Amino acid sequence: MMQQYIEPQFLTALEKLGVEYCSAIQFSVPRQGSHGHLATNIAMMLAKGLGKQPRAFAEELLAALPSSDLVQHVEIAGPGFINITFTDAVYHQMLRDLHGMADDIGRSQVGRGKTVNVEYVSANPTGPLHAGHGRNCAVGDTVANLFAWNGYQVTREYYFNNAGNQMNKLGESIYARVQHRIGNPDYPFPEDGYHGEYIHTIADIVAEVHASEIGQMTEDEACTVCRKHGERWCFEAIKKTLGSLNIQHDVYFNEDSLYGDGKVASTVEELRSKGLVYEKDGATWFALTQLGNQQDKVIVKSTGEATYRLPDMAYHRDKLQRGYDVVVDIFGADHIATVPDVLAGVRALGFDTDRVRVVIHQMVTFVENGEVVKFSKRNGKSFTLDELRDEVGADVVRFFFIMRAVGTHLEFDLGLAKEEGDKNPVFYLQYAHARVCSILRKAQERGVALNADADLSCLVHPKEIELISLLSRMKANVERSCENLEPHTIAEYLRDLAGAYHNFYHDCRILGAEEPLESARLLLADVTRRAMRNGLLLLGVGTPERM
RNA sequence: GCGCCCAUAGCUCAGUUGGAUAGAGCAGCAGCCUUCUAAGCUGCGGGCCGCAGGUUCGAAUCCUGCUGGGCGCGCCA
């Protein structure tokens with residue numbers, strides 16, 4: 001936001017010097033206060049091509065720079081940086097502009113008119129979500145939110161498979177428990193069956209609902225009944241878990257439908273017509289090596305069933321055909337091997353895979369008291385996302401899973417997560433929000449009204465300027481976070497923002513300050529409240545007004 | 001053996017797409033509430049940015065090669 005006041009003047013100066021430069025001038029906010037409010041390396045970037053010394057060229061540039069009452073002074077530093085120090089008037093103008101945005105602070109329109117499909121969670125209905133799924137859920141939903149906050153029209157999609165081996169195992173596992181229940185304790189439990197507590201729960205339901213007829217059915221019929229109950233139960237459980245984390249999908253896409261409407265078959269035929277498919281050992285192979293990948297892979301087994309790669313390609317083709325400008329996949333690191341194959345296939349089918357953006361997040365380790373926690377304390381088996389949420393709360397779940405860069409292995413500290421106080425980073429943000437709300441409430445009680453026309457020129461304290469500066473950068477941060485698919489940068493930004501507010505609050509008395517200071521500070525507090533609130537909404541966590 | 005990801009303070013991690021003296025939280029130590037929420041703020045200590053080369057005005061960041069860890073490499077998903 002700040003650079004909009006100075007960039008045109010640099011362009012004018014360059015023009016005056018007869019230097020052609022087409023890309024945007026880079027400005028950055030220096031870490032160090034003594035380096036001014038904004039710095040540019042433009043002189044260093046261009047000096048070499050012009051055969052000049054960076055500092056000498058910077059001198060020429062400054063001489064050609066039109067004067068402005070928004071700029072206090074400009075200086076050349078170090079190897080050729082140009083450091084710009086603004087007058088406080090720039091900050092007052094920015095705060096005024098931010099206030100004018102009302103509840104749109106931090107929103108951008110860079111994606112206006114564009115559509116995006118974000119696919120995430122996508123766990124098959126063979127059981128409740130486990131704690132490790134949490135990262136996919138939180139990252140996916142936050143990425144979807146980021147697109148929405150950048151003006152894109154977003155479709156949140158869940159891809160699932162309710163056919164095949166794993167689902168049959170589910171049905172068989174439930175059926176075995178039903179048999180145990182109805183007086184057949186020796187009925188064999190399937191090898192690699194599902195052992196969770198929930199299988200018993202579903203078996204209870206089946207035994208109750210189908211009490212009379214289950215004994216009459218053939219094993220196959222009974223397993224099918226069990227599988228259907230299992231699927232329904234699991235999906236309900238999954239959706240309930242997601243709902244409790246503030247996550248709702250727009251589309252549940254059934255993999256099986258790709259067989260029904262011929263999209264899987266046509267994918268094979270199209271690839272075959274391009275000479276990329278061959279038969280060997282009774283199976284159908286996809287010639288990935290011809291596309292530069294490491295090895296050819298089976299796409300239809302000798303049994304006639306497809307391997308997952310094939311419907312995956314058909315599915316991605318379908319999403320691209322639906323016309324989304326951007327198609328985003330959120331995958332765990334364990335799925336990494338399939339990505340290049342699927343993309344190669346879709347590319348071979350004639351689609352521009354630049355439209356596909358894949359977010360691969362690394363695995364999660366849960367730690368408590370310095371020890372790795374692998375299993376649930378409650379049942380000694382897998383640790384469910386519900387249990388995690390019950391233990392630490394939905395806000396903490398969402399925040400902890402996105403607070404680290406997706407590319408790094410995440411250590412989820414349960415001890416820290418359960419902490420309801422100052423150590424917990426979510427509370428730090430929420431507390432800042434609640435604190436601003438509190439002061440606005442108090443102002444109202446005292447009859448001090450928020451004045452949109454307040455004279456802001458009295459805001460000159462360094463902590464006030466720093467807070468405004470940070471607020472002015474929110475939109476750019478939201479844009480960059482979306483462009484790079486890096487939700488954690490929002491968490492970082494909000495921590496800085498909360499810190500800047502606490503600093504301001506500590507050093508600058510608001511209520512009771514002499515007018516026009518009181519009104520100006522109150523306005524600054526209110527803008528901070530809305531920015532903080534928007535940031536928390538973007539992350540999908542609560543925005544408490546009292547704590 | 002091959003592919004992808006990672007390596008930064010005692011611990012967990014940031015690092016503005018290659019910038020100036022590498023930052024934060026936690027842990028440790030020392031301070032700040034008769035006034036708007038102390039779930040806050042201030043200060044101190046703590047570093048061969050895994051190792052070795054290379055690219056250039058300039059590298060934690062880019063390239064190459066090592067070392068150490070994670071995830072994969074199936075006619076499972």
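Chain naming here is simple, since letters A, B, ... match the order of the sequence lines and numbering starts at 1 in each. These numbers were taken from a predicted model, which means no experiment stands behind them.
The distance from atom NZ of A/Lys463 to atom CG of A/Asn503, rounded to the nearest 0.5 Å, is 4.5 Å.
A/Asn503 comes within 4.0 angstrom of sugar-phosphate atoms only, judged by non-hydrogen atoms across all strands, and of no base. In this structure, A/Ala77 reaches the bases: a heavy-atom distance under 4.0 Å links it to at least one base atom across the strands shown. Among the protein residues, A/Tyr505 comes within range of the nucleic acid bases, having at least one heavy atom under 4.0 Å from a base atom. Base contact: A/Asn41 has a heavy atom under 4.0 Å from a base atom. Residue A/Pro79 is in base contact, counting any heavy-atom pair closer than 4.0 Å across all strands shown. Residue A/Asn477 is out of contact with every strand shown, counting any heavy-atom pair closer than 4.0 Å. As judged by a 4.0 angstrom heavy-atom cut-off over every strand, A/Ala39 is placed among the base-contacting residues. Contacts of A/Cys508 with the nucleic acid, taken as non-hydrogen atoms under 4.0 Å apart, include base atoms. Across all strands, A/His502 comes closer than 4.0 Å only to sugar-phosphate atoms, never to a base (heavy-atom distances).
Comparing B/C71, B/A39, B/C76 by their nearest atom to the side chain of A/Tyr431 picks out B/A39. Relative to the side chain of A/Lys301, the nucleotides B/C75, B/U12, B/C4 differ in distance, and B/C75 lies closest. Side-chain atoms of A/Ala434 lie closest to B/U37 of the nucleotides B/U37, B/C5, B/A14. Comparing atom distances between the A/Tyr308 side chain and each of B/A77, B/C71, B/C75 picks out B/A77 as nearest. Considering only side-chain atoms of A/Arg509, the nucleotide from B/U37, B/U35, B/C71 that sits closest is B/U35. Among the nucleotides B/U12, B/G19, B/C36, the one closest to the side chain of A/Ile439 is B/C36. Looking at the side chain of A/His335, the nearest of the listed nucleotides B/G70, B/A77, B/C75 is B/A77. The listed nucleotides are B/G19, B/C2, B/U37; the one nearest the side chain of A/Gln294 is B/C2. The nucleotide whose nearest atom lies closest to any side-chain atom of A/Ile510 is, among B/C36, B/C13, B/C71, B/C36. For A/Thr408, the listed nucleotide lying nearest its side chain is B/A14; candidates were B/A14, B/C71, B/A77.
We find that CG of A/Asp496 is positioned 14 Å from P of B/A14, with the value rounded to whole Å. Following rounding to the nearest Å, A/Gln3 (CD) and B/U16 (P) show an atom-to-atom distance of 16 Å.
Residue-to-nucleotide contacts include a donor-acceptor pair under 3.5 Å from the side chain of A/Asn83 to the base of B/A20. At a cut-off of 3.5 angstrom, the base of B/U21 holds at least one donor-acceptor pair with the side chain of A/Gln32. Side-chain atoms of A/Asp334 stay outside donor-acceptor range of the base of B/G72, with no qualifying N/O pair under 3.5 Å. Side chain A/Ser302 to base B/C75: a donor-acceptor pair is found below 3.5 Å.
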Using nucleotides 58-61 of chain B, report all nitrogen or oxygen pairs with the protein that are shorter than 3.5 Å.
none

Using Watson-Crick and G-U wobble pairs with both distances under 3.5 Å, what is the 5'-to-3' dot-bracket string of RNA chain B, with [ ] for crossing pairs and | for pairs outside the strand?
(((((.(..((((.....[...)))).(((((.......))))).....(((((..]....)))))).)))))....

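Listed by chain and residue number, A/Arg317 satisfy the side-chain hydrogen bond (donor to acceptor under 3.5 Å, both in side chains) test with A/Thr267 (two or more places apart in sequence, or in another chain).
A/Phe10 and A/Phe27 have perpendicular rings, their planes meeting at more than 60° on a 0 to 90° scale where under 30° would count as parallel. Using the six-membered ring where Trp is involved, A/Phe412 and A/Phe401 have ring planes that are tilted, between 30° and 60° apart. Note: A/Phe383 and A/Phe366 have perpendicular aromatic rings, judged against thresholds of 30 and 60 degrees for the angle between ring planes. Between A/Phe86 and A/His37, the ring planes are parallel. Angles under 30° get that label, and only those over 60° would be called perpendicular.
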Apply side chain to side chain donor-acceptor pair (under 3.5 Å) to residues A/Glu479 and A/Ser108 and explain how you reach the verdict.
CA-CA 7 Å; A/Glu479 285 173 358; A/Ser108 163; 2.7 Å; yes

Could you go through the ring-ring contact (aromatic ring centres under 6.0 Å, His included) check for A/Tyr120 and A/His249 one step at a time?
CA-CA 9 Å; A/Tyr120 59 109; A/His249 288 83; 4.5 Å; yes

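Comparing A/His506 and A/Lys442 along RNA chain B, the residue whose closest nucleotide (by nearest heavy atom) sits nearer the 5' end is A/Lys442. Of the two residues near RNA chain B, A/Phe504 and A/Met403, the one whose nearest nucleotide lies more 5' is A/Met403.
Taking side-chain N and O atoms only, A/His361 has no distance below 4.0 Å to OP1 or OP2 of B/C4.
Here the closest heavy-atom approach between residue A/Arg357 and residue A/Asp354 is recorded as CD-O, 4.4 Å.
No donor-acceptor pair under 3.5 Å is formed between the side chain of A/Arg435 and the backbone N or O of A/Tyr501.
For A/Arg533, the CZ atom is loosely surrounded, since the number of other residues' heavy atoms within 6.0 Å does not exceed 12.
Judged purely by distance below 3.5 Å, without hydrogens or angles, the side chains of A/His316 and A/Asp329 pair a donor atom with an acceptor atom.
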